[in-house]
Amino acid sequence: MRRPVARNLTVLAVSAAVVSVGAAAPPAAQHRPASPKTPVAAGYGGAVASVDRDASAAGIEVLRKGGNAVDAAVATAAALGVTEPYSAGIGGGGYFVYYDAKSRTVHTIDGRETAPLTADETLFTENGKPLAFADAVTSGLAVGTPGTPATWQTALDKWGSRKLATVLEPAERLARGGFTVDATFRSQTAANEQRFRYFPDTAELFLPGGELPVVGSTFKNPDLARTYKELGRKGVDTLYHGELGEDVVATVDKPPVDPDSGWNARPGDLSAKDLAAYEAELRAPTRTTYRGLDVYSIAPSSSGGTTVGEALNILERTDLSKASEARYLHRFIEASRIAFADRGRWVGDPAFEDVPAKELLSQRYADSRACLIRDDAVLTSPLAPGDPRHPAPCADGGTAAPTTYEGENTTHLTVADKWGNVVAYTLTIEQTGGSGITVPGRGFLLNNELTDFSFAPADPAVHDPNLPGPGKRPRSSIAPTIVLDRHHEPVVAVGSPGGATIITTVLQTLTGFLDRGLPLVDAIAAPRASQRNADRTELEPGLYDSGVRAELEALGHAFKPNPEIGAATGVQRLPDGRWLAAAEKVRRGGGSAMVVRPAR
C-alpha cells in the first residue's frame, strides 16, 4: 500500500470495529514510517474518505484550519492529482455534488470535458469506419477540454471559504516532496509502460531513469508542484485563457510522440477558443425517493443519477431486507439490466439531446419496467429500452443499445465538515493513464474522455444520444450520491470509480446499507456484481466462488469473473452527531478514512 513520505498521526480505537484517524499533510523534508491506511474512522469536526492517505490528510488539514467541506474536497482532489495521477488530475473532469447544511439543499456541478467545437459524429472514424479503441485512446483525438480546474473554482466561488491557492498548498507540497510508491502505483505504471514510452515527457516523469518506479521509493513531481503554484497565483484563467492553456492546446494538436516509436499519435483539434468557451455547469440534481429517503445525484450529462435512481425505483416494491441473498442479487441484477437498457437509449448531453430525465425517474415508469422481472427466470440481454414518456406495462419491444466501454480507473472522494455540509465528488481522466500524453513541463496527463462517446451508432436506424458533436459532453456513468432523511439532513453519501460499473457499485452499496443493514464500511467491502445490459453479469471472486452463484445460474443467469469492481468511499452521519468515514478495505490497496477529532 502507498505510504506517505511523512505523516503526523493520531490513532485512537473508539470501538472494536471503528478506528478514528486524524492527520495533517506531510511537510516536504520530513521522513518517518507511517501507519497503514485505515478504512473506517468516526469522530467530530469533519471527515474525509478517499483511496489515498496523503489525499485524505490534505482534506483533514484544511478542515482543521477552519475550511469547510468544499475547501477540503478541492484540497483532497488536488492531492489525488499527485498520488493518483493515472486516475485524476487537472487534465480531466468530473462531477461534484454538494449538500448545504444551512439551506438543507443539494447542488451539483457538471465538470465534464467537452469535445472541440469542430467535432462531429465522424470524430472517431477513418475511411468511413470506426477506429479501433486502442488507436483512438492514445491520441490527441481522445482529449476533451479539461473541466477539473473550472470545477474547483466554481465550487469555491459558490460554497467555499478559502482561496484556490490556499487549498492547493497541501498538494503542491506533496508534489514537491513526493510520496512513497506502492505496489498499486507500480502495477498501474507497468500496465501503461509501452504507451508511456511513446511520449518522451510521459516516460521521463513516470519511468524515472527509464525504469518502472520501485515500490518504497519516493516519487516526486516538481513540474506539477509548479503548475499548482501557478494555478494558485494566476487562477484557473491560466488554463482557459492563458499560458497553461496554450501548452495544453499545443500538446493535443501535435502530440509530442517519439518518432522512433512508430506510434501514430493522431492529432486532436483543440483550440484556444474551446478552452475559452468552457464552463463548469451548475445543474439541478436528480432526485428520487427510496424507503422514505431522498436520493440526490448528478443529472445528465452523466447517466449516473438517472440510472441509479431508476434502478432504485424498480427495487422499491421488493422488500430486500427480508430477501435471501440469491433473491436480493437476482432482483438487483435485473433492475440494473433494465436501467442500463434505458440509459443507452435516452441519456446524453442535455445541451444536444432531449433527455427525459424526469420520466426516467418516475415511479410510474419504474413500475412499468419492474413487471418484466420474474423470480423464476432471467431477462435476455441486450434488453430493449422502454419509452419513459409513454410507459407501457411490461413492454419489451424496440432495439437494444449495447453499453459503450468506459475506462474504470476514476477516483472518488467524500467529505463532511463540522457544520454538516457534505461533498461527494468523482473525478477522472477516464481510463488508467488517460491518453498517455503528458503536457511537457507541466506534470500532468491529459484525459481520454472523448472515447466515452459512441464511435458509431449501434443501429443506424435508431438515434444514438451519445455520438460526438461540437462542444458536446460525452455520456458518463459517474454517480456521486447524497441521501437525506425526511428532515432534509444527511444520512449517507457515497460514490465510486469504475466506468460503467460505477452505477452498479453505487446501487449495490446503497441497497446493502439501506436495505440489508450492513455497516457502511461493510456495504462498501461486500463482493460486487455488475450487470450492464450484457449477456453475462460480472462477479467479484467473493460471489463467483460462492454457492449463491449456482443458485442464480439455476435461474438462468450467466456470469464471468472480474477480479475487482470499483473503489468506493462514503460518509455517514451517526445518531450521536459524529461523522463516520468509510473506504475500501482491500480494493486498490485499501482506502483511507480520517476524521478531524476522534473524540470531543
Taking only residues two or more places apart in sequence, or in another chain, which ones meet D342 in a salt bridge (charged side-chain N to carboxylate O under 4.0 Å, His left out)?
-> R369
Report the residues that fulfil ring pair (Phe, Tyr, Trp, His ring centres under 6.0 Å) with Y544, sequence neighbours left out, ordered by chain and then residue number.
-> none
Give the table of side-chain donor-acceptor pairs shorter than 3.5 Å for residues 486-497, with sequence neighbours excluded, one pair per line with atom names and distance.
{"residue": "E489", "atom": "OE2", "partner": "R104", "partner atom": "NH2", "Å": "3.3"}
{"residue": "S496", "atom": "OG", "partner": "A567", "partner atom": "N", "Å": "3.2"}

Ignoring hydrogens and angles, state whether a donor on the side chain of Y425 or W152 is under 3.5 Å from an acceptor on the partner side chain.
-> yes
Passing candidate, side-chain hydrogen bond (donor to acceptor under 3.5 Å, both in side chains) with T428, options N447, T410, T411 | T410
For Q508 and A529, indicate whether the former's side chain and the latter's backbone hold a donor-acceptor pair under 3.5 Å.
-> yes
Hey, are R327 and D375 close enough for a salt bridge, meaning a charged N less than 4.0 Å from a carboxylate O?
-> yes
Looking at V62, L413, V415, which hits side-chain contact (heavy atoms from CB on, under 4.5 Å) with V48?
-> V415
Salt bridge (charged side-chain N to carboxylate O under 4.0 Å, His left out) assessment of D576 paired with R578 = CA-CA 6 Å; D576 61 5; R578 290 181 301 160; 2.8 Å; yes
Answer yes or no: is there an ion pair linking E334 with R331, defined by an N-O contact shorter than 4.0 Å?
-> no
Taking ring pair (Phe, Tyr, Trp, His ring centres under 6.0 Å) as the test, write out the residues that go with Y95, two or more places apart.
-> none
Could you pull out all residues at least two apart from A525 that satisfy side-chain contact (heavy atoms from CB on, under 4.5 Å)?
-> K585
Is there a donor in the side chain of Y290 and an acceptor in the side chain of D515, or the other way round, less than 3.5 Å apart?
-> yes
Donor-acceptor pair, N562 side chain versus L539 backbone, under 3.5 Å?
-> no
Do Y98 and Y296 have side-chain heavy atoms sitting under 4.5 Å apart?
-> no
Residues that R528 engages under salt bridge (charged side-chain N to carboxylate O under 4.0 Å, His left out), provided they are two or more places apart | E584
With sequence neighbours left out, write down each residue that passes ring pair (Phe, Tyr, Trp, His ring centres under 6.0 Å) with H557, or none if nothing qualifies.
-> H330, F559
Is there a donor-acceptor contact under 3.5 Å from the side chain of S50 to the main chain of D52?
-> yes
Within the distance-only criterion (no hydrogens, no angle test), does the side chain of K37 pair as donor or acceptor with the backbone N or O of G591 below 3.5 angstrom?
-> no
Please identify each residue that fulfils side-chain contact (heavy atoms from CB on, under 4.5 Å) with E359, with sequence neighbours left out.
-> P356, P388, R389
Just by modelled atom types, is the I478 backbone N or O under 3.5 Å from a matching donor or acceptor in the S302 side chain?
-> yes
Residues in salt bridge (charged side-chain N to carboxylate O under 4.0 Å, His left out) with D294, at least two apart?
-> R287
Pair K158 + D100, salt bridge at N-O below 4.0 Å = no
Any donor-acceptor pair under 3.5 Å from N421 side chain to A101 backbone | yes
List the steps and the verdict of side-chain hydrogen bond (donor to acceptor under 3.5 Å, both in side chains) for S301 and D349.
-> CA-CA 4 Å; S301 61; D349 183 345; 5.7 Å; no
Report the C-alpha separation of T501 and T504 in whole Å, then their side-chain angles, then the decisive distance to 0.1 Å, and conclude whether the side-chain contact (heavy atoms from CB on, under 4.5 Å) test is met.
-> CA-CA 5 Å; T501 71; T504 53; 4.1 Å; yes
Test: E538 and R532 ion pair at under 4.0 Å | yes
Test side-chain contact (heavy atoms from CB on, under 4.5 Å) on L552 and L329 and set out the steps.
-> CA-CA 8 Å; L552 292 169; L329 288 169; 4.0 Å; yes
Side chains of S303 and R343: is there a donor and an acceptor less than 3.5 Å apart?
-> yes
Checking side-chain contact (heavy atoms from CB on, under 4.5 Å) against L156, which of V236, V70, T166 comes through?
-> V70
Heavy-atom distance under 4.5 Å between the side chains of V595 and Y44, does that happen here?
-> no
Please check if the side chain of S297 supplies one atom and the backbone of T286 the other of a donor-acceptor pair under 3.5 Å.
-> no
Residues E84 and R588 bridged, charged N to O under 4.0 Å = yes
Between D417 and N68, is there a donor-acceptor pair closer than 3.5 Å when you use the side chain of the first and the backbone of the second?
-> no
Taking NZ, NE, NH1 and NH2 as the nitrogens, is one of them in E325 or R516 under 4.0 Å from a carboxylate oxygen of the other?
-> yes
Mind checking salt bridge (charged side-chain N to carboxylate O under 4.0 Å, His left out) for D545 and listing every partner two or more places apart, or none if nothing turns up?
-> none
Heavy atoms, side chains only, cut-off 4.5 Å: are Q363 and R317 in contact?
-> yes
Please tell me if the side chains of E310 and T306 come closer than 4.5 Å, counting only heavy atoms from C-beta onward.
-> no
Under a 4.0 Å N-O cut-off, is there an ion pair linking E540 with R587?
-> yes
Got a sec, which residues hit side-chain contact (heavy atoms from CB on, under 4.5 Å) with A79, two or more places apart in sequence or on another chain?
-> A55, A58, A171, L174
With sequence neighbours left out, what residues match F513 under ring pair (Phe, Tyr, Trp, His ring centres under 6.0 Å)?
-> none
